[in-house]
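Here is the naming used below: chain letters follow the sequence lines, and residue numbers restart at 1 for every chain.
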Amino acid sequence: MTVAPGEPENRSDASAVPVASAVAVDPGSPVALDGVDGAVAIAGRTPWQIVMRRLRRDRVTMVAFGASVFFVALAAIAPLLARIGILNPDQTHPELVQGLGSMPEGLMGGVSWSHWLGVEPGTGRDLLSRIVTGMTTSLTVALLATLFSVVVGTIIGIISGFAGGRVDWLLSRSMDLVLSFPSTLMLLSLQAVLVDRIASIMGQPSSAPPPKIAFMVLVLGFFGFPFFARIIRGQVLSLREREFVEAARSLGARRGRLYFKELLPHLWAPLLVYTTLVLPANISAEAALGFLGVGLNPPTASLGAILNDTVSYALPDPAYFFFPGVTVFLLVLSFNLLGDGLRDALDPKAGRQ
Amino acid sequence: MFFYIIRRLISVVVMLFIISMTTFLVFFASPVDPASLTCAKNCTPAVIEGNRKLLGFDKPITVQYANFVKGLFVARDFPDDPEQKARAPQTVFTCAAPCLGYSQRQAKSVTEIIKDGLPITASIALGAFVLWITSGVFFGIIAALNRGRWIDRLLVGVSLIGYSLPSFFIGQLLLVFIAIKWQLWPIPNFVPLSEGLWPWMQSIFLPSLTLAAIFGASYVRLTRAYMLETMSEDYIRTARAKGVKESVVVRRHGLRAALTPIVTAAGLDLGGLLGGAIISEQVFSFRGLGWTSIQAITNTDLPVIVAVVVVASFFIVIANLVVDVLYGVIDPRVRMS
């Protein structure tokens, strides 16, 4: 998928490279001729440099990248901010919700200098603090689930694509089987039998957040892995015929070396692209579970849990309804745009789908 | 073609067998005692043992599964105890075939419960399917034919926004603002098709739109990408060079080739809609299968959960089959392999 140096793509993209013919066409241009007899040295670019050049020119992707980094960084430092008192997700402010039906007073759900996004109706907790700490939980779930899918999917995909024959058949059919299950429904229904079990393994009460988080990571990750495995398998099917694999084999490389030292480095491009595209899907999934009221339980701040509470306030307190929803939207949008941009940069043939 | 379909049919049956067995094992043979999940707060050992016998959890898992499969063809008794039936017939529930199980929570056959919810979910799913396929493919073609112009950018931008918005958020917006606040559309309240086409369509429009929004957005992108790919093929240039009208080139030459992958994607997504309708149903308080499953999960009503999962997987597998067969119709090259 990466463009190897020397392919035509390399030269056409690199407009700054003074090719000899260009000099011949336009002899008057102030191009520094640093070669002998008018021949110009062609600057070589590594595939990485080409990708970086393309990315830097793509403004939308760069903005999306900035936004994604911002969200992840914010989520990462949120526990710290909460500890030093900048974020107060649990502090109630009854004095701010004196409106009818314990609604926040003031404009836009009580937006003020001390509460940038207003406060929660009923309790008066600071909404910005809730959203940011919720983002930490949600991103943790989404990231871990994606990681699980990537690791399992890559291993299964490489084995399936490389081994071929019966192994491939068995693995592919198993993936068909996994894909035949309605994943949303399984995510909901498996809670009945799995959460208690996970809680007892972790030695925690089943109402505590960690078993539920572990459950969501496992199930989201499990139903996501065939997606990666199929893509990786497809890549490996064409890679395994390449000379470098044959060379490694004839030198007596063992399976583990072939899989992880020879094949894996060729797979980072699709892995990066699809990781960036699956992550927002997992963020949405966690939010959807929260909305359905079967995600993390409300005292824990997670985007899903917050959204579960906000949906009933769309009419009485629109600001409280919009801010968390728009946060999820922006989060998902940034990662989607970043993933699209990465795909364009790493695989120009794929096009924007 | 005939043998191809037969071969696919056999694999479908095998797949359904494996799926139902896996579901059964996951829910009934998990380390958690299924009988202890049948009562929430008023659990006494006597109640648990009673339910265990009632639902047949006292039998080995293989027997339970065999009874489940048997129940699809002949009526079953809960509890399966001829002696008790002879002694006190009113204490035994007879579940008519096809029996998907017995929900002791609702004191009803699971088949009945599913029958209640299925038309609602199917209506929403069908409406959504029509909405997203027509709009997605139409706008996708428009975008592809106007590549790089403002309309293309607009469509791609809007589809990306639609794709990134959480669907319950879209649904809630439609319900609260369009239906309740501005009263632009009646508040959805399911009306069966038997009561007229228009009332039915009117009642499912907003829930279907909610469900269609995300899929439709991704189909704009999908169609656009495939159209761009096919429209740059050599045979399109040849057709144009022959003097074929542009509209014919787009429809007959471009779209037909681009349609194959879209049909695949559409079939797979249609199968998965049953699961996706959960959110739409929840937003608009429609009592479809999604609502049924949420209820079953909150009450840990295992027989209902298992049945819904099996029915939903059934639709996914059937959709896969239809796609494979359609694929052969649209693209004759597939039949050969």
Side-chain angles (χ1 to χ4, degrees), chain A residues 60 173-174 176-197 200-201 280 283-285 287-288 290-294 303-304 307-308 310-315 318 321-322 324-326 328-337 340 349-353, chain B residues 15-16 18-19 22-23 26-28 30-32 34 37 156 160-161 163-169 172-173 175-177 180-181 214 218 221-222 224-226 228-229 268 271-272 274-276 278-279 282-283 289-290 293-294 296-298 300-302 305-306 308-309 312-313 315-317 320:
Chain A
V60 176
R173 291 296 82 76
S174 319
D176 287 348
L177 182 69
V178 174
L179 289 174
S180 300
F181 281 101
S183 56
T184 325
L185 210 54
M186 293 305 275
L187 202 56
L188 295 173
S189 45
L190 280 175
Q191 303 207 25
V193 289
L194 275 187
V195 174
D196 287 347
R197 180 73 183 156
S200 70
I201 291 174
I283 296 173
S284 303
F291 165 74
L292 294 173
V294 285
L303 291 176
L307 285 161
N308 180 38
T310 63
V311 284
S312 45
Y313 287 97
L315 269 185
F321 168 66
F322 275 102
V326 169
V328 175
F329 165 65
L330 289 177
L331 200 60
V332 172
L333 182 68
S334 331
F335 281 108
N336 275 335
L337 282 173
D340 280 355
K349 274 183 295 180
R352 276 190 188 263
Q353 286 199 348
Chain B
M15 202 68 165
L16 285 176
I18 297 175
I19 287 172
T22 318
T23 316
V26 166
F27 286 101
F28 291 144
S30 69
V32 185
L37 293 172
V156 170
L160 201 74
I161 291 174
Y163 185 69
S164 303
L165 270 174
S167 69
F168 54 86
F169 194 69
Q172 203 73 20
L173 280 180
L175 174 66
V176 168
F177 290 96
I180 297 177
K181 199 170 182 189
I214 286 177
S218 65
R221 287 145 59 90
L222 205 67
R224 182 181 176 275
Y226 288 129
L228 284 180
E229 204 182 303
L268 299 181
L274 218 53
I278 296 178
I279 286 171
Q282 190 80 355
V283 170
L289 278 189
S293 55
I294 300 260
I297 289 151
T298 357
T300 44
D301 195 349
L302 287 184
I305 297 178
V306 169
V308 174
V309 169
S313 325
F315 279 103
I316 295 179
V317 172
N320 275 326

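- Not counting sequence neighbours, A:F335 has no partner by the ring pair (Phe, Tyr, Trp, His ring centres under 6.0 Å) test.
- B:I294 touches chain A through its side chain: at least one heavy atom from C-beta onward sits under 4.5 Å away, while N, CA, C and O do not.
- Annotation: side chain of A:V332 is not in contact with side chain of B:Y163 (no heavy-atom distance under 4.5 Å).
- Looking only at heavy-atom pairs under 4.5 Å with chain A, the residue among B:L160, B:V317, B:T298 that has the most is B:L160.
- Proximity to chain A (any heavy atom under 4.5 Å) is restricted, for B:F177, to the side chain, taken from C-beta onward.
- In this structure, the portion of B:I180 lying under 4.5 Å from any heavy atom of chain A is its side chain and not its backbone.
- Residue A:L330: no heavy atom, backbone or side chain, is found under 4.5 Å from chain B.
- Contact count against chain B (heavy-atom pairs under 4.5 Å) is highest for A:L185 among A:D176, A:T184, A:L185, A:V328.
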(message) Is there a side chain to side chain contact (heavy atoms under 4.5 Å, CB included) between A:F329 and B:I161? Walk through the geometry before answering.
(response) CA-CA 8 Å; A:F329 165 65; B:I161 291 174; 3.6 Å; yes

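- A:V311 has its side chain out of reach of B:F169: every pair of non-hydrogen atoms, C-beta onward, lies at least 4.5 Å apart.
- The shortest distance between side-chain heavy atoms of A:L292 and A:N308 does not fall below 4.5 Å.
- At a 4.5 Å heavy-atom cutoff, B:V306 makes no contact with chain A through either its backbone or its side chain.
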(request) Output, in order, the C-alpha distance, side-chain angles, deciding distance and verdict of side chain to side chain contact (heavy atoms under 4.5 Å, CB included) for B:I278 and B:S293. (result) CA-CA 8 Å; B:I278 296 178; B:S293 55; 4.2 Å; yes

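- Contact of B:V309 with chain A is made through backbone and side chain together, with heavy-atom distances under 4.5 Å.
- For chain A, the option among B:V283, B:N320, B:L175 with the highest count of heavy-atom pairs below 4.5 Å is B:V283.
- When each of A:A287, A:P318, A:S284 is checked for heavy-atom pairs under 4.5 Å with chain B, A:A287 comes out on top.
- For the pair A:F181/B:I316, no side-chain contact is recorded, criterion being any heavy-atom separation below 4.5 Å from C-beta on.
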(message) B:L173 vs A:F322, test: side chain to side chain contact (heavy atoms under 4.5 Å, CB included). Steps then yes/no.
(response) CA-CA 10 Å; B:L173 280 180; A:F322 275 102; 3.5 Å; yes

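- Both the backbone and the side chain of B:L165 come within less than 4.5 Å of a heavy atom of chain A.
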